[in-house]
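What follows is a short report on a single structure.
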Amino acid sequence: IKYVVVSSGVVSGLGKSVAASSIDVVLKACSLRVTFIKIGLFFSLVPTEFLVMQYFVHTDFTYPYLNIDAATVSPDERGEVFVLDDGSEVHMDLGDYERFLDVELTEDNNITSGKIYQAPNCLLSVINKERRGDYLGKTVQIVPHITDEIQERVKHVALIPVDGREGPPDVCIIELGGTIGDIESRPFIEALSQLSCIAGPKNFCLVHVSLVPVINVVGEQKTKPTQNSVRCLRELGLPLNLLACRSATPLTKNVKEKLSQFCNVPVECIITLYDVPNTSDVPSLLKDQKDHEAILKMLGIARLAMEPKLDEWVNKTRACEQFHVPAVRIAIVGEHSHISNAYHSVLEAICHASLACQRRIVVDWVPASDVDQEAANKSPDAHDMAWSLLKGADGILVPGGFGHVEGKILAAKYARENNVPYLGICLGMQVAIIEVTRSILGLNDANSREFDAGTRHPCLILMPESSETQMRVGTKRTFFRTMDCKAARLYGNAEYVDERQRHRYEVNPHMIDELESAGVKFVGMDITGERMEILELPSHPYFVGAQFHPEFKSRPGKPSPLFMGLIAASSGQIDAESTSLDDLENRPIPIPVMSTSSPTGYPRGLEDGLFGLQNSEAALAH
């Protein structure tokens with residue numbers, strides 16, 4: 001197996017995940033099979049101006065915090081919790097790997113510090129081995145026991161294919177998260193240093209992404225930060241093979257020669273990752289600078305690889321840039337509206353659907369706390385702004401979450417009463433249930449046991465197999481109760497769908513008949529026939545709730561049907577009487593463009609032509 005490690009220096013947020021993903025695209029275009037590993041757990045949330053670089057991501061050695069997984073980590077800390085098919089709760093970067101490469105990852109692809117030290121039911125963790133006496137009385141140390149464990153797991157996972165084909169991959173790409181010099185990542189750096197010696201020079205290639213800033217007063221590209229970063233890299237025992245320099249503009253010839261001299265890297269092994277309007281241009285940027293040739297030569301497989309053909313990739317990028325149609329406004333009502341990473345997969349799914357429906361999207365972020373009537377007294381301006389955005393939306397989406405329920409209930413009520421297309425995901429479906437129970441059935445104190453344990457009318461209850469710490473998580477099968485519904489038609493009239501779930505509460509089985517008498521139609525259920533998974537309002541243009549998370553399986557070329565339904569209904573392409581998307585399925589799906597910077601500190605919506613994050617003047621004022 002060949003290893004390509006991508007590290008970074010000087011500052012975080014340079015876009016090494018973009019670099020790693022782009023390297024993968026180019027190597028795949030050379031007919032090589034590639035796999036990935038994520039070691040560690042989390043990235044720090046980076047400044048908004050760098051978030052555009054987070055779309056094309058790959059294998060990560062990220063900051064090795066001691067969490068075993070992302071299950072208990074707040075979205076405010078590290079972004080959304082992404083769920084894999086096997087029920088693993090992981091960092092959102094693994095979602096990007098799956099979407100970008102259209103593969104299905106498993107728990108094995110997510111190696112964390114917590115798993116290395118001690119993990120429940122894991123016989124391989126170091127502490128468990130020590131307790132069993134596997135080390136035969138030796139003193140357990142970071143070196144060699146922790147570093148050996150890291151290496152063994154890397155070598156094991158590197159041989160597992162993720163493309164569905166038999167046999168081991170050709171190359172394993174590993175992203176070393178954080179910046180060189182971080183104390184948290186020292187055990188992983190030492191393990192990689194040892195791995196480089198064990199693998200040998202023809203099986204190990206290190207790509208270091210570093211910053212070459214331009215000081216405005218001086219007006220020239222400064223190499224000293226990169227020189228210091230490379231020196232630190234070598235002091236830690238990692239050999240440098242390829243230097244990828246992030247800069248605003250291409251490096252000048254003199255700067256490249258200076259870096260070559262002081263960093264001891266051949267000029268042909270120095271590439272420029274300068275700012276481009278579209279991150280999907282980066283693979284072509286690497287190919288034009290012969291990045292693949294340098295990597296293949298270092299790995300000794302230049303003769304086995306083909307010349308990369310990126311014509312299809314380039315064509316998709318160009319199609320994306322030329323796509324201009326009227327915008328559709330989608331209001332996302334949630335409790336983490338100030339952090340776009342908390343809804344990263346939701347944004348990606350909207351993007352994929354927008355491309356399929358050929359509509360440019362404007363996302364308005366609506367804090368659920370500002371929609372609540374209580375906010376009218378405490379923060380009247382914020383309350384008025386939230387309702388202004390809500391009433392100006394073509395469609396409303398309430399994603400999964402855990403708080404500010406009353407504001408979300410009001411958003412669902414507004415969508416229902418005003419025929420505004422609505423998609424409720426997980427908690428978004430549950431608040432729709434609460435709203436109907438209160439407004440139509442007249443049970444004003446109805447609530448979920450999660451939010452009011454003493455409610456007399458619990459329309460949502462804790463699942464029997466769940467607890468305060470145990471969720472129903474992973475891919476589960478949902479069967480359609482009828483084919484005469486929007487959801488079934490959107491899913492191509494399939495008898496069932498497999499989607500990923502992450503929840504503890506369910507619709508109270510004893511209230512299903514009452515809710516259906518109020519106009520709710522439960523069209524999807526689990527295998528027992530007792531747990532409701534999908535709801536609709538038949539007379540509404542598009543009012544759909546899903547207990548599962550359809551965003552987790554959405555792909556650029558295979559958008560989530562429920563998100564397509566939301567965008568199509570919001571743009572007038574389907575209505576209450578027609579839900580056929582056959583004419584949409586044959587349209588070409590270009591690669592999306594992401595942008596999330598915001599002068600207000602709020603994540604921006606979707607702008608810049610096809611799909612970006614755009615704010616209205618009202619949203620900017622907010």
Side-chain angles (χ1 to χ4, degrees), residues 21 24 33-39 41 57-60 67-73 79-112 115 119-122 153 156-166 169 172 343-346 348-349 352 399-400 425-426 463 465-466 470-480 487 491-492 494-504 506 524-528 531 533-534 546-563:
S21 297
D24 175 85
R33 296 177 64 198
V34 185
T35 189
F36 350 91
I37 303 169
K38 180 179 179 67
I39 298 184
L41 185 58
V57 290
H58 249 19
T59 309
D60 286 335
N67 303 70
I68 290 173
D69 58 29
T72 60
V73 181
E80 74 173 2
V81 177
F82 190 81
V83 176
L84 301 179
D85 275 341
D86 62 5
S88 301
E89 295 167 283
V90 298
H91 186 268
M92 67 182 200
D93 282 350
L94 272 80
D96 279 323
Y97 305 156
E98 286 200 342
R99 281 185 290 267
F100 185 70
L101 302 164
D102 195 17
V103 296
E104 305 295 334
L105 301 180
T106 68
E107 183 181 17
D108 290 335
N109 297 96
N110 182 42
I111 303 175
T112 71
K115 291 178 181 179
N121 305 318
C122 180
R153 296 206 184 194
H156 169 70
V157 178
L159 295 174
I160 301 175
V162 295
D163 56 5
R165 296 160 57 188
E166 296 294 331
C172 176
Y343 305 110
H344 186 59
S345 292
V346 170
E348 293 295 316
H352 306 156
I425 299 172
C426 197
M463 294 182 295
E465 70 272 29
S466 297
Q470 183 66 37
M471 287 192 175
R472 185 171 189 250
V473 64
T475 293
K476 310 294 179 184
R477 182 156 292 180
T478 296
F479 293 87
F480 287 107
Y491 276 102
E495 293 183 4
Y496 60 83
V497 295
D498 294 322
E499 295 281 10
R500 298 175 186 177
Q501 308 214 3
R502 185 176 186 255
H503 65 105
R504 292 180 293 125
E506 64 174 333
M525 61 185 180
D526 74 342
I527 193 170
T528 69
R531 180 166 294 149
E533 302 283 3
I534 309 174
Q547 187 59 73
F548 50 78
H549 288 263
E551 70 271 22
F552 288 154
K553 283 195 170 184
S554 182
R555 301 288 188 268
K558 295 181 288 186
S560 163
L562 297 187
F563 277 84

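- The line from CE of M92 to NE2 of H344 is 5.0 Å long, rounded to the nearest 0.5 Å.
- Residues V497 and Y491 approach most closely at CG1-CD2, 3.2 Å, considering heavy atoms.
- With respect to R502 and E551, no salt bridge is recorded, no charged nitrogen being found less than 4.0 Å from a carboxylate O.
- Listed by chain and residue number, K115 satisfy the salt bridge (Lys or Arg N to Asp or Glu O under 4.0 Å) test with E107 (two or more places apart in sequence, or in another chain).
- For P550 against I425, the heavy-atom pair with the smallest separation is CD-CG2, 4.0 Å.
- For L159, the side-chain contact (heavy atoms from CB on, under 4.5 Å) test picks out I1, P168, with sequence neighbours left out.
- Counting only distance, with no hydrogens or angles, the side chain of E80 and the backbone of S345 share a donor-acceptor pair below 3.5 Å.
- In terms of the ring-ring contact (aromatic ring centres under 6.0 Å, His included) criterion, residue partners of F552 (sequence neighbours excluded) are, by chain and number, F82, H549.
- Summarising the geometry of V34 relative to P169, their closest heavy-atom pair is C-CB, 4.3 Å, with the distance given to 0.1 Å.
- Every residue meeting the side-chain contact (heavy atoms from CB on, under 4.5 Å) condition with D163, not counting sequence neighbours, appears here in chain and number order: R33, P161, R165.
- Separating the CG atom in D526 from the CZ atom in R477 is a distance of 12.5 Å, to the nearest 0.5 Å.
- Here the shortest heavy-atom pairing between L94 and L105 reads O-CD1, 4.0 Å.
- Residues satisfying the side chain to side chain donor-acceptor pair (under 3.5 Å) test with Q501, not counting sequence neighbours, are R472, H503, E533.
- Scanning for salt bridge (Lys or Arg N to Asp or Glu O under 4.0 Å) contacts around D108 gives an empty result, with sequence neighbours left out.
- You'll find the side chain of I527 stays beyond 4.5 Å of the side chain of Y496, heavy atoms only.
- The side chain to side chain donor-acceptor pair (under 3.5 Å) search around E465 returns R531, not counting sequence neighbours.
- Between the CG atom in N110 and the CZ atom in F36 there is a gap of 14.0 Å [rounded to 0.5 Å].
- Between G474 and V83 the shortest heavy-atom distance is N-CG1, 3.7 Å.
- For S554, the side chain to side chain donor-acceptor pair (under 3.5 Å) partners two or more places apart in sequence, or in a different chain, are H352.
- Side-chain contact between T475 and F548: absent, with no pair of heavy atoms (C-beta onward) separated by less than 4.5 Å.
- Contact annotation: the side chain of K553 approaches that of E499 to within less than 4.5 Å [non-hydrogen atoms, C-beta and beyond].
- Atom-to-atom distance recorded for E104:CD and L84:CG is 9.0 Å, nearest 0.5 angstrom.
- Here the side chains of T35 and I160 are not in contact, with every heavy-atom distance at 4.5 Å or above.
- With respect to E98 and R555, a salt bridge is recorded, a charged nitrogen being found less than 4.0 Å from a carboxylate O.
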